[in-house]
Amino acid sequence: MSEKQIQDALREIARGTAEIIDEARITTLLKAYFEKGETYTVKAGFDPTAPDLHLGHTVLLQKLAAFQKYGAHIQFLIGDFTAQIGDPTGKSETRKKLLPAQIEENAQSYKTQVFKILDPEKTTVVFNADWINPLGATGMLELTTTFNVARMLERDDFDKRHKAGISISISEFLYPLLQGYDSVHLKSDIEIGGTDQKFNLLMGRHLQRAYQVGKEQAILMMPILEGLDGVQKMSKSLGNYIAVADEPNEMYGKILSISDTLMWRYYELLSTLSLSEIEALKAGVADGSLHPKKVKEALAIEITARFHTTAEAVSAGEEFQRVHAQSEIPTEMDEYSFEGAIWIAKVLVDCLLSPSTSQARRDIKQGSVKINQDKVDDEQLQLQTGEYVVQIGKRKFARIKVS
RNA sequence: GGUGAGAUACUCAAGUGGCCAACGAGGGCAGACUGUAAAUCUGCUGAUUUUUAUCUUCGAAGGUUCGAAUCCUUCUCUCACCA
């Protein structure tokens, strides 16, 4: 009986993972849970500087939620100390220290988003500055004696940068050590992260051994979700992300704009459909019985509904159909008021549709600017009193009133 | 500490006194075609109502010159070799 439960739980936990290290230990933990009701801890770390969660994060969060169903207590770690190190690729700006108030604010923002997926009863939010700062110079020195440079350079991105002659700061060597030390302090049983985190995750095991914690964390790695471009990983800084907090219309639209190839990737990593159901969809598209756009719409509905409501997702779908398939204007858009006749380029900038007057002029020249659905030809056009809907391209709209 | 090489726009990368707001590629934006998919073709991609013009930009600050991304000086940073 319990044997089957363990197997089922393990299967759900393993679904979609890229790699699991020490699966035997996970089995042991599950066994202890089912037989004796013992809980265990699962750690996952997040960056406090970017509290905007996106779908890439939710791949991990959903996995954490799966663990919660089977006795896990989540250690939701906000890396406020390690964020100071960051990943400075040479000349990128030096990380500025976040103010405590700012960290607190970001943490709150995290919580409201995260608890859409995680069970707050089985989650503890922790900050690693709380135990790394007290380490002091002595503790830090001790930490560095547990590892050597040659092994540090085994890490793939260090290795590449080293060979390519790109500088690596000493502080960056500290990053994996500190992340690993988090696992020592928290005595984590399992840590999960993206495949790009493999080295850091393994460091947790290494350090738990070095500091004689009495256990070595199992590791579960999730594949990296590609962003909207389909090539690079989804990240806020690359701007290719779908945020958890995105409005229904925006979320729906972004999903529909991904390529057909990428759509299957999103299905595998984000959808709750079983793998065999996804295979069936693929087969349907391949033999022409299913239109790929229909399949993409279903995905957009599923994901939008997860972070909003089904009703909102459906109406986002209808709105999308209206605006894009029938080229009508959206029902809702930002509104602006102006006094007196005003130059069209100025309007575009003031409505935040365009970043600069120059760009606005170029857009007009190219014929991508429309007023009330009519193309604007005159670059010098002055808008007189009245109400208009202005747009650039197919996505940017604003309603304006000139009085 | 010494020697040598280098720092150009979002990224890579040409340019070594005027023809440079700076070749080219990628990326991005827009137009055509579509399913806001892919592929393809085209235009744009520092700012500014002086728009066949003006202003600011080539690591930073000075200097030479009628004129500098290009030459000189100092500084900052990166890489390689030597110690």
Side-chain angles (χ1 to χ4, degrees), chain A residues 88-94 158 160-172 226-233 235-242 246 249-267 281-282 284-286 288 290-301 304 316-330 340-350 352-370 373-383 390-397:
Chain A
T89 43
K91 43 198 147 182
S92 71
E93 79 286 7
T94 37
F158 283 155
K160 279 185 189 143
R161 282 164 65 186
H162 187 59
K163 284 183 178 148
I166 300 168
S167 77
I168 301 170
S169 159
I170 297 287
S171 66
E172 289 179 83
E226 290 85 351
L228 298 172
D229 53 68
V231 180
Q232 295 190 274
K233 77 173 200 174
S235 85
K236 192 185 181 189
S237 54
L238 291 172
N240 60 355
Y241 67 108
I242 300 176
D246 274 348
N249 287 340
E250 199 177 349
M251 191 178 276
Y252 187 96
K254 281 181 181 174
I255 296 168
L256 229 60
S257 78
I258 64 175
S259 75
D260 290 0
T261 329
L262 187 59
M263 165 174 80
W264 298 118
R265 189 82 178 135
Y266 279 32
Y267 257 110
L281 289 176
K282 264 190 197 173
V285 169
L290 268 176
H291 193 292
K293 196 186 177 202
K294 293 284 171 220
V295 181
K296 206 180 285 174
E297 281 169 351
L299 179 69
I301 293 277
T304 308
E318 287 164 358
E319 172 83 356
F320 184 89
Q321 180 68 13
R322 248 174 31 76
V323 174
H324 297 289
Q326 294 157 32
S327 338
E328 287 177 24
I329 57 168
I342 183 164
W343 182 35
I344 177 65
K346 193 102 182 83
V347 171
L348 294 172
V349 174
D350 287 352
L352 308 178
L353 298 185
S354 202
S356 69
T357 315
S358 300
Q359 182 61 47
R361 294 170 71 113
R362 284 193 287 267
D363 286 335
I364 295 166
K365 206 177 293 177
Q366 287 192 118
S368 58
V369 175
K370 291 178 186 166
Q373 310 242 285
D374 288 326
K375 200 194 328 181
V376 175
D377 294 315
D378 180 11
E379 211 181 286
Q380 299 297 325
L381 182 70
Q382 299 284 328
L383 289 183
V390 294
Q391 74 181 91
I392 298 181
K394 296 170 190 163
R395 307 185 197 203
K396 288 178 280 189
F397 293 88

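These figures come from a predicted structure and were not determined experimentally. So that the names make sense, note that chain A is the first sequence line, chain B the second, and so on, each numbered from 1.
Taking atom P on both G17(B) and U52(B), the two are 31 Å apart, rounded to the nearest angstrom. Between the C1' atoms of A21(B) and A53(B), the separation comes to 14 Å (whole Å). Rounded to a whole angstrom, the distance from the P atom of A60(B) to that of A7(B) is 13 Å. Between U51(B) and U16(B), the distance separating the two C1' atoms is 32 Å to the nearest Å. C10(B) and U48(B): their P atoms are spaced 16 Å apart (whole Å). Going from the C1' atom of A47(B) to that of U57(B) covers 10 Å, rounded to whole Å. To the nearest whole angstrom, the two C1' atoms, one in U50(B) and one in A38(B), are 45 Å apart. Here the separation of U45(B) from A39(B), taken at their C1' atoms, is 23 Å to the nearest Å.
Positionally, the nearest nucleotide of RNA chain B for Gly367(A) lies more toward the 5' end than for the other of Gly367(A) and Ala325(A). Between Ile168(A) and Lys370(A), the residue anchored nearer the 5' end of RNA chain B, judged by the nucleotide with its closest heavy atom, is Lys370(A).
Relative to the side chain of Ser167(A), the nucleotides G35(B), C79(B), G28(B) differ in distance, and C79(B) lies closest. Here U34(B) is the nucleotide among U49(B), U34(B), G35(B) with the atom lying nearest to any side-chain atom of Lys394(A). Between A37(B), A47(B), U36(B), one nucleotide has an atom nearer to the side chain of Ser356(A) than all others, and that is A47(B). Nearest to the side-chain atoms of Lys296(A) among the listed nucleotides U48(B), G35(B), C79(B) stands G35(B). The side chain of Ser259(A) lies closest to A38(B) when the candidates are A38(B), U49(B), G28(B). Nearest to the side-chain atoms of Phe320(A) among the listed nucleotides U36(B), A47(B), A30(B) stands U36(B). Taking the side chain of His324(A) as heavy atoms from C-beta on, and the options U49(B), A37(B), U36(B), the nearest nucleotide is U36(B). Nearest to the side chain of His291(A), among A38(B), A47(B), G35(B), sits G35(B). Of the listed nucleotides (U36(B), A47(B), U49(B)), A47(B) has the atom at the smallest distance from the side chain of Arg362(A).
Atom C1' of nucleotide U34(B) and atom CG of Leu256(A) are separated by 13 Å, given to the nearest angstrom. Taking atom CG of residue Asp350(A) and atom P of nucleotide U48(B), one finds them 12 Å apart after rounding to whole Å. Atom P of nucleotide G46(B) and atom CD of Gln359(A) are separated by 9 Å, given to the nearest angstrom. Put simply, CG on Asp363(A) is 7 Å from C1' on C29(B), counting in whole angstrom units. Rounding to whole angstrom units, CG of residue Leu228(A) and C1' of G28(B) are separated by 13 Å. The CD atom of Gln391(A) sits 17 Å away from the P atom of C29(B) (whole-angstrom rounding). Rounded to whole Å, the distance from CD1 on Ile166(A) to C1' on A80(B) is 15 Å. For the pair Lys365(A) NZ and U49(B) P, the interatomic distance rounds to 14 Å; values are reported in whole Å.
Within the nucleic acid shown, Gln321(A) has no heavy atom closer than 4.0 Å to any nucleic acid atom. Using a 4.0 Å heavy-atom criterion, one finds that Ser358(A) contacts the bases of the nucleic acid, with or without backbone contacts as well. Looking at heavy-atom distances under 4.0 Å, Gly239(A) makes no contact with the nucleic acid at all. Nucleic acid contact for Ile258(A): sugar-phosphate only, since backbone atoms but no base atoms lie under 4.0 Å from a heavy atom of the residue. Residue Gln380(A) is classed as a base contact, given a heavy-atom separation below 4.0 Å to a base.
Under the Watson-Crick or G-U wobble criterion, with both distances below 3.5 Å, C58(B) is left unpaired in every strand shown. As the counterpart of C77(B), G6(B) is assigned, both hydrogen-bonding distances of the Watson-Crick or G-U wobble pattern falling under 3.5 Å. With both pairing distances under 3.5 Å, U36(B) is matched to nothing as a Watson-Crick or G-U wobble pair. With both pairing distances under 3.5 Å, C71(B) is matched to G63(B) as a Watson-Crick or G-U wobble pair. Nucleotide C12(B): paired with G24(B) (Watson-Crick or G-U wobble, both distances less than 3.5 Å). Pairing for G43(B) goes to C29(B), judged as Watson-Crick or G-U wobble with the two contacts each under 3.5 Å.
Between the side chains of Ser356(A) and Ser358(A), no donor-acceptor pair is found at a separation under 3.5 Å.
With hydrogens and angles left out, the side chain of Gln366(A) and the base of G31(B) share no donor-acceptor pair within 3.5 Å. Taking only distance into account, the side chain of Asp260(A) meets the base of G35(B) through a donor-acceptor pair shorter than 3.5 Å.
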* Asked: Between Leu228(A) and Ile242(A), does a side-chain contact (heavy atoms from CB on, under 4.5 Å) hold up when you go through it step by step?
  -> CA-CA 8 Å; Leu228(A) 298 172; Ile242(A) 300 176; 3.8 Å; yes
* Carefully, step by step, assess Trp264(A) and Val295(A) under the rule side-chain contact (heavy atoms from CB on, under 4.5 Å). => CA-CA 10 Å; Trp264(A) 298 118; Val295(A) 181; 3.9 Å; yes
* Glu297(A) and Leu256(A): CA distance, side-chain angles, deciding distance, side-chain contact (heavy atoms from CB on, under 4.5 Å) verdict -> CA-CA 7 Å; Glu297(A) 281 169 351; Leu256(A) 229 60; 3.9 Å; yes
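Applying the 6.0 Å contact sphere to NZ of Lys282(A) captures more than 12 heavy atoms from other residues, nucleotides or ligands.
If you take CH2 on Trp343(A) and CZ on Arg361(A), they are separated by 4.5 Å, rounding to the nearest 0.5 Å.
Side-chain nitrogen and oxygen atoms of Lys293(A) include at least one within less than 4.0 Å of the OP1 or OP2 phosphate oxygen of U36(B). For the pair Thr357(A) and U48(B), the criterion of a side-chain N or O lying under 4.0 Å from OP1 or OP2 is met.
Between Gly227(A) and Leu262(A), the shortest heavy-atom distance links the atoms O-CD2, 3.3 Å.
The pair Glu250(A)-Lys254(A) meets the salt-bridge criterion, since a charged nitrogen lies less than 4.0 angstrom from a carboxylate oxygen.
For His324(A) and Phe320(A), the distance between ring centers is under 6.0 angstrom.
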